[in-house]
Amino acid sequence: MTTSTGFDIRRIGGRIGAEIHGVDLTTGLGPAVVTEINSALLEHKALVFRDQHLDDEGQLRFASLFGELTTAHPTVPSVDGRPQILPVDGDEGIRANQWHTDVTFVRTPPKASTLRSIVVPPYGGNTLIANSAAAYRDLPEPLRELADKLWAVHTNDYDYAAPKNEKAAEYRRRFVSRTYRTAHPVVRVHPETGERGLFIGGFAQSIVGLGPSDSRDLLRIFQSYVTRPENIVRVAWAPGDLVLFDNRITQHYAPDDYGDLPRLLHRVTVAGDVPAGVDGVLSHLVEGDDASHYTPAAV
């Protein structure tokens, strides 16, 4: 598909994902181009820009076209001198090989995330991104009706697997140095499109009103719809690529399949709003603060 401003949108997955061709992110983008990129993001959920070779400033500039930026993370340090950039460094033994939506343990998770490849392994190291709206539509009607009524508590502090080395252990200590627990609707209504999507993932640890065993069973059922192969696009990185995905209606996963090879991405996230359920009720804090040091507090 060729847009009115002249760039091409080429689907790379049946239900999620498109590559954008004919846009140079190293230059200033006009409002019309930004509007059409945002429209493509809302439709395809994840956009891949190949061979852009941005620097940190360029990534920050591009991400800021879609809204105010967060700092790097509520608890984990940023790139030195770059408070809004989070290093995603597989060489540290810290690998995001769990399905998740970014930072859902706070009340205002990011609207969108950008990932920029700097060092990529010669094999493996892909990023998988899933369409949680398609997952919701796949649910049988009785499960959709149940999901519409449920709330889940998301937290950064739960029983993680044992760290592989001391660097990973130190990262984990920092990650949980401040505890957050937030109750979000299991079904989130997208604030721009009105789509319903399953808003769960790895930080969702319990269902409000249910015990641990029932919570795990229900979350496992819902999560199995998110991670169906037909709802996933796999991004194979090359140095200089950038991916923009809608954090409100996707999950992602980075398979740990590249051994001891180095892999380094930089992440910049766009501040979001407070999630709303199908009844319009907004997410609320269970433990911790409003993370205003990380993302502007929503009203």
Side-chain angles (χ1 to χ4, degrees), residues 25 29 34 37-38 40-42 44-49 52 54-89 94-96 98-118 127-130 132 154-156 171 174-175 178 180 182 184 188 190-192 197 199 201-204 235 237 241-254 264-275 283 288-298:
L25 302 186
L29 302 182
V34 174
I37 291 174
N38 190 71
L41 179 65
L42 295 177
H44 299 289
K45 312 296 189 286
L47 304 178
V48 182
F49 299 81
Q52 295 292 324
L54 294 175
D55 57 13
D56 285 343
E57 286 297 333
Q59 184 177 5
L60 290 167
R61 181 177 62 249
F62 174 70
S64 68
L65 295 172
F66 301 92
E68 187 172 359
L69 302 183
T70 72
T71 54
H73 193 273
T75 57
V76 176
S78 68
V79 170
D80 286 345
R82 300 289 186 181
Q84 294 166 319
I85 299 178
L86 181 74
V88 182
D89 191 349
I94 305 140
R95 301 189 175 185
Q98 180 184 47
W99 283 103
H100 66 285
T101 298
D102 282 337
V103 201
T104 58
F105 47 84
V106 302
R107 187 168 180 251
T108 52
K111 164 187 175 179
S113 296
T114 66
L115 288 173
R116 174 171 61 95
S117 58
I118 300 171
T127 295
L128 281 60
I129 308 173
S132 63
H154 296 231
T155 180
N156 63 326
Y171 179 89
R174 290 183 175 183
F175 196 89
R178 185 183 305 196
Y180 293 94
T182 301
H184 292 299
R188 179 180 185 176
H190 195 287
E192 293 186 69
F199 197 62
F203 298 119
V235 178
W237 293 98
D241 292 344
L242 182 137
V243 172
L244 168 68
F245 56 87
D246 190 332
N247 198 58
R248 299 164 293 188
I249 205 156
T250 61
Q251 290 183 28
H252 55 283
Y253 179 106
L264 176 64
L265 310 178
H266 278 184
R267 189 187 83 184
V268 176
T269 48
V270 182
D273 56 354
V274 179
S283 302
D289 55 34
D290 61 5
S292 57
H293 67 292
Y294 161 72
T295 188

Q: Applying side chain to side chain contact (heavy atoms under 4.5 Å, CB included), run through L128 and W99 and close with a yes or a no.
A: CA-CA 9 Å; L128 281 60; W99 283 103; 3.7 Å; yes

Q.
Pairing donors with acceptors under 3.5 angstrom, does anything connect the side chains of T182 and H154?
A. no

Q) Is there a donor-acceptor pair under 3.5 Å between the side chain of T155 and the backbone N or O of Y180? A) yes

Q) Can you list the steps and then say if R248 with D273 is a salt bridge (charged side-chain N to carboxylate O under 4.0 Å, His left out)? A) CA-CA 9 Å; R248 299 164 293 188; D273 56 354; 5.4 Å; no

**Q.** Heavy-atom check, side chain of V79 versus side chain of L86, under 4.5 Å
**A.** no

Q: Test side chain to side chain contact (heavy atoms under 4.5 Å, CB included) on R82 and E57 and set out the steps.
A: CA-CA 9 Å; R82 300 289 186 181; E57 286 297 333; 2.2 Å; yes

**Q.** Side chain to side chain, L244 and L41, heavy atoms closer than 4.5 Å
**A.** yes

Q: Could you please spell out the steps behind the side chain to side chain contact (heavy atoms under 4.5 Å, CB included) verdict for L29 and L65?
A: CA-CA 9 Å; L29 302 182; L65 295 172; 4.0 Å; yes

Q. How long is the gap from CG on L42 to CD1 on I37, to the nearest 0.5 Å?
A. 12.0 Å

(Q) For A291 versus D289, what's the shortest heavy-atom pair and its separation? (A) N-OD1, 2.9 Å

(Q) Within the structure provided, determine whether H266 and L264 are in side-chain contact (heavy-atom separation under 4.5 Å). (A) yes

Q. Residues in side chain to side chain contact (heavy atoms under 4.5 Å, CB included) with A46, at least two apart?
A. I16, I129, F245

Q. If every non-hydrogen atom of V106 is compared with every non-hydrogen atom of P74, which pair is closest and at what distance?
A. CG1-CG, 4.1 Å

(Q) Once rounded to the nearest 0.5 Å, what's the spacing between atom CZ of F199 and atom OG1 of T101? (A) 6.0 Å

(Q) Would the distance check show the side chain of R116 and the main-chain N or O of L54 forming a donor-acceptor pair, the cut-off being under 3.5 Å? (A) yes

Q) Between R267 and A72, is there a donor-acceptor pair closer than 3.5 Å when you use the side chain of the first and the backbone of the second? A) yes

Q | Y294 and T108, any side-chain heavy atoms less than 4.5 Å apart | A | no

Q.
Quick check for you: to the nearest 0.5 Å, what is the distance between Y253 atom OH and H100 atom NE2?
A. 11.0 Å

Q | Short side-chain to backbone donor-acceptor contact, H73 and T75, under 3.5 Å | A | yes

Q) Is there side-chain contact between L242 and L25, with heavy atoms separated by less than 4.5 Å? A) yes

Q.
I need the D241 CG to S117 OG distance, nearest 0.5 Å.
A. 4.5 Å

Q: I would like to know whether D246 and H190 meet side-chain hydrogen bond (donor to acceptor under 3.5 Å, both in side chains); could you show each step before the answer?
A: CA-CA 10 Å; D246 190 332; H190 195 287; 2.7 Å; yes

(Q) Looking at N247 and P110, would you say the former's side chain and the latter's main chain have a donor-acceptor pair under 3.5 Å? (A) yes

Q. Just checking, is any N or O donor in the side chain of D102 or H252 under 3.5 Å from an acceptor N or O on the other one?
A. yes

Q) Tell me the side-chain hydrogen bond (donor to acceptor under 3.5 Å, both in side chains) pairs involving residues 60-71, sequence neighbours left out? A) T70-T269

Q. Hey, are the side chains of S78 and Q84 touching, using non-hydrogen atoms and a 4.5 Å cut-off?
A. no

**Q.** Between NZ on residue K45 and OG1 on residue T250, distance to nearest 0.5 Å
**A.** 9.5 Å

(Q) Can you classify the ring geometry of F105 versus F175 as parallel (below 30°), tilted (30 to 60°) or perpendicular (above 60°)? (A) perpendicular

Q. Rounded to the nearest 0.5 Å, how far apart are OG of S283 and NE2 of H184?
A. 4.5 Å

Q) Distance-only, no hydrogens or angles: does the R188 side chain make a donor-acceptor pair with backbone N or O of I249 under 3.5 Å? A) no

Q: Side-chain contact test, heavy atoms from C-beta onward, threshold under 4.5 Å: evaluate it for T127 versus W237 and give yes or no.
A: yes

Q. Between Q251 and A130, is there a donor-acceptor pair closer than 3.5 Å when you use the side chain of the first and the backbone of the second?
A. no

(Q) Centroid separation under 6.0 Å, is that true for the rings of F49 and F62? (A) yes

Q. Is there a donor-acceptor contact under 3.5 Å linking the side chains of T114 and Q59?
A. yes

Q.
Minimum heavy-atom separation for L69 and V270, please, with both atom names.
A. CD2-CG2, 4.1 Å

